[in-house]
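Encoded as structure tokens, the structure appears first; notes follow it.
First the proteins, then the strands, lettered A, B, ... as listed; each starts at 1.
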Protein chains: 2
Amino acid sequence: MSIRKNKQPRIRRTPEESRANILSSAERLLTEQGPQTLRLADVAKEAGVANATVLHHFGTIDGVHTALMERMIAELVEKVMAIELTEDTEVSRAQALTTLFEAFEQKQASKLAAWLELTHQAGRLTNVRQVVRDVTRKKFHHQNVPEDVVEDVMLVCITLALGVGLFGQTLSEMLGKPPSRAKEMALSVLMLGLRQLEAERKG
Amino acid sequence: MSIRKNKQPRIRRTPEESRANILSSAERLLTEQGPQTLRLADVAKEAGVANATVLHHFGTIDGVHTALMERMIAELVEKVMAIELTEDTEVSRAQALTTLFEAFEQKQASKLAAWLELTHQAGRLTNVRQVVRDVTRKKFHHQNVPEDVVEDVMLVCITLALGVGLFGQTLSEMLGKPPSRAKEMALSVLMLGLRQLEAERKG
DNA sequence: AGCGCTACTGACAAAAATGTCGATAAGAAA
DNA sequence: TTTCTTATCGACATTTTTGTCAGTAGCGCT
């Protein structure tokens, strides 16, 4: 046993960097280990800092939770707003839907949503309506479809994207199918169903 | 202040009754307050018994969690297996789907599933595949559709039912629509989409 | 009534999680 | 180099949560 104390030199970050480091670690824990591991010691360890450092930047462990939610929500909104839908062809629509589904599974946004739902914090998503409105206007302005119909369609798409993002992979594998099968099937059914719905509306 | 100690007489139940009482209370907490309130003291208080009583029956708080999961899973499986699908008309199919969707929202099965998914306990659902197989055989034996196609269809239906059950109400209300709107839209799209899928397969 | 079994309980012990505080050291600026 | 600011940390204090134990009480049985 060496007597020498071999302490690592401290890493001193800017407050912004430090907060980002901690939140990234927390996000990793949330998506890889589940919400119950979002404890002070776990987060601090994952971020490679002392417990007190986490509290220095966020006040309480709840502060970490809140900040994490806000960061993940902002990321998701950005991703959704970036979806292209310049023309309204089948192909373009399929691409947009695929991107939407991926947005909800890639950054583990579905897990965030489930966490909010289970903890009754969904109220934090105050801007969902506004985002949907914005998307409706910006992406669908060139079509002659009533806004509330567009909103209904988006409601379905988001609901299904969340379901697929959260459960799709696990369910697919449970049934002995490739992990993306649920997503593929959902996309097919959604495309076909929406086309029919549109046909009915027009006809 | 009265000096007299006014203790309630003890309620002595059979072990089965007592376990059921505790699990029912835990289920109520899970669905109404979220998983983080499934703590020993909370469960005991909700059940109206002492902390030690809960431990007497379940050993640890984790034992309560496990037992609760198993009970809710069994309930759900029973509900799903009870779905009628004697003939394959549009009406019958719509009824079956409606029942399925309701099974996933009524008994808060979606919340259970989300809890399992977030806590990486989905492995507990070892019998999902068997259930799907059973349903496939029992409910669809009269059709001439390959079994794996039926399984794909069930995969979509379950995924969407879970998504709607967990997020449907909240999302609908966020968009200023009646709480059942997401479910209705999902059902419509699903029915239309499945019909088209079938048409494509045949044609 | 008396007895045995055990579900039940309060009080206490142990463990885990959160939060506080004074000291330290990294980096910028003088 | 010296000074100043403050991000960082270890040690400790507090609170929360879980688990133990010995005794109590409800209920069936004789």
Side-chain angles (χ1 to χ4, degrees), chain A residues 1-26 28-30 33-69 115 118-119 121, chain B residues 1-26 28-30 33-69 115 118-119 121:
Chain A
M1 295 272 194
S2 160
I3 305 289
R4 163 190 322 276
K5 26 185 166 178
N6 228 335
K7 286 201 282 189
Q8 304 290 343
R10 289 187 186 174
I11 300 176
R12 187 189 176 97
R13 294 173 244 247
T14 67
E16 294 72 30
E17 281 172 345
S18 196
R19 287 174 60 94
N21 170 49
I22 292 167
L23 288 184
S24 297
S25 307
R28 212 174 310 132
L29 282 179
L30 171 67
Q33 313 281 344
Q36 69 279 86
T37 67
L38 282 181
R39 285 173 295 230
L40 182 56
D42 294 309
V43 173
K45 187 178 178 187
E46 178 80 14
V49 299
N51 295 12
T53 303
V54 175
L55 294 174
H56 171 72
H57 288 290
F58 295 96
T60 69
I61 188 61
D62 244 46
V64 177
H65 295 168
T66 300
L68 176 60
M69 287 174 178
W115 183 33
L118 284 180
T119 56
Q121 305 253 28
Chain B
M1 294 276 193
S2 160
I3 305 290
R4 163 190 321 276
K5 24 185 165 180
N6 229 336
K7 287 201 281 189
Q8 303 289 347
R10 288 187 189 174
I11 301 175
R12 188 190 175 97
R13 294 173 245 246
T14 67
E16 294 72 32
E17 282 173 344
S18 197
R19 288 173 60 94
N21 170 49
I22 292 168
L23 289 183
S24 297
S25 306
R28 212 174 309 132
L29 282 179
L30 171 67
Q33 313 281 345
Q36 70 278 83
T37 66
L38 282 181
R39 284 173 296 230
L40 182 56
D42 293 308
V43 173
K45 187 178 177 187
E46 178 79 14
V49 299
N51 294 12
T53 303
V54 175
L55 295 174
H56 171 71
H57 288 291
F58 295 96
T60 69
I61 188 62
D62 243 47
V64 176
H65 296 167
T66 299
L68 177 59
M69 287 174 179
W115 183 32
L118 284 180
T119 57
Q121 305 254 28

Spacing of [X] atom [atom1] relative to [N] atom [atom2], expressed in whole Å:
{"X": "A:Glu17", "N": "C:dG27", "atom1": "CD", "atom2": "P", "value": "11 Å"}
{"X": "A:Asp62", "N": "D:dT15", "atom1": "CG", "atom2": "P", "value": "18 Å"}
{"X": "B:Phe58", "N": "D:dG19", "atom1": "CZ", "atom2": "P", "value": "14 Å"}
{"X": "A:His56", "N": "C:dC21", "atom1": "NE2", "atom2": "P", "value": "15 Å"}
{"X": "B:Gln36", "N": "C:dA16", "atom1": "CD", "atom2": "C1'", "value": "18 Å"}
{"X": "B:His57", "N": "C:dT9", "atom1": "NE2", "atom2": "C1'", "value": "12 Å"}
{"X": "B:His65", "N": "D:dT17", "atom1": "NE2", "atom2": "C1'", "value": "12 Å"}
{"X": "A:Arg12", "N": "D:dC9", "atom1": "CZ", "atom2": "P", "value": "11 Å"}

At 4.0 Å (heavy atoms only), tell me whether [X] reaches a base, stays on the sugar-phosphate, or touches nothing.
{"X": "A:Arg39", "answer": "sugar-phosphate"}
{"X": "B:Ser18", "answer": "sugar-phosphate"}
{"X": "B:Thr60", "answer": "sugar-phosphate"}
{"X": "B:Ile61", "answer": "sugar-phosphate"}

For the side chain of [X], counting heavy atoms from C-beta on, which of [options] is nearest?
{"X": "B:Leu40", "options": "D:dA7, D:dT18, C:dT9", "value": "D:dT18"}
{"X": "B:Ala50", "options": "D:dT5, C:dT9, D:dG19", "value": "C:dT9"}
{"X": "B:Ala52", "options": "D:dG23, D:dC9, C:dG10", "value": "C:dG10"}
{"X": "A:Pro15", "options": "D:dT8, D:dA7, C:dA7", "value": "D:dA7"}
{"X": "B:Leu55", "options": "D:dT8, D:dT20, C:dC5", "value": "D:dT20"}

Roughly how far, to the nearest 0.5 Å, is the CD atom of B:Gln36 from the CG atom of B:Asp42?
9.5 Å
Interatomic distance, CG@A:Leu23 vs CE@A:Met69, rounded to 0.5 Å, equals 12.0 Å
Is a donor on one side and an acceptor on the other found under 3.5 Å between the side chain of A:Thr37 and the backbone of A:Gly34?
yes
Are the side chain of A:Asn21 and the backbone N or O of A:Ala47 linked by a donor-acceptor pair below 3.5 Å?
yes
Closer to the 5' end of DNA chain D via nearest nucleotide, is it B:Asp42 or B:Arg10?
B:Asp42
Check whether any side-chain nitrogen or oxygen of B:Thr53 sits under 4.0 Å from OP1 or OP2 of C:dT9, and answer yes or no.
yes
Would you mind reporting whether A:Arg19 and A:Phe58 have side-chain heavy atoms less than 4.5 Å apart?
yes
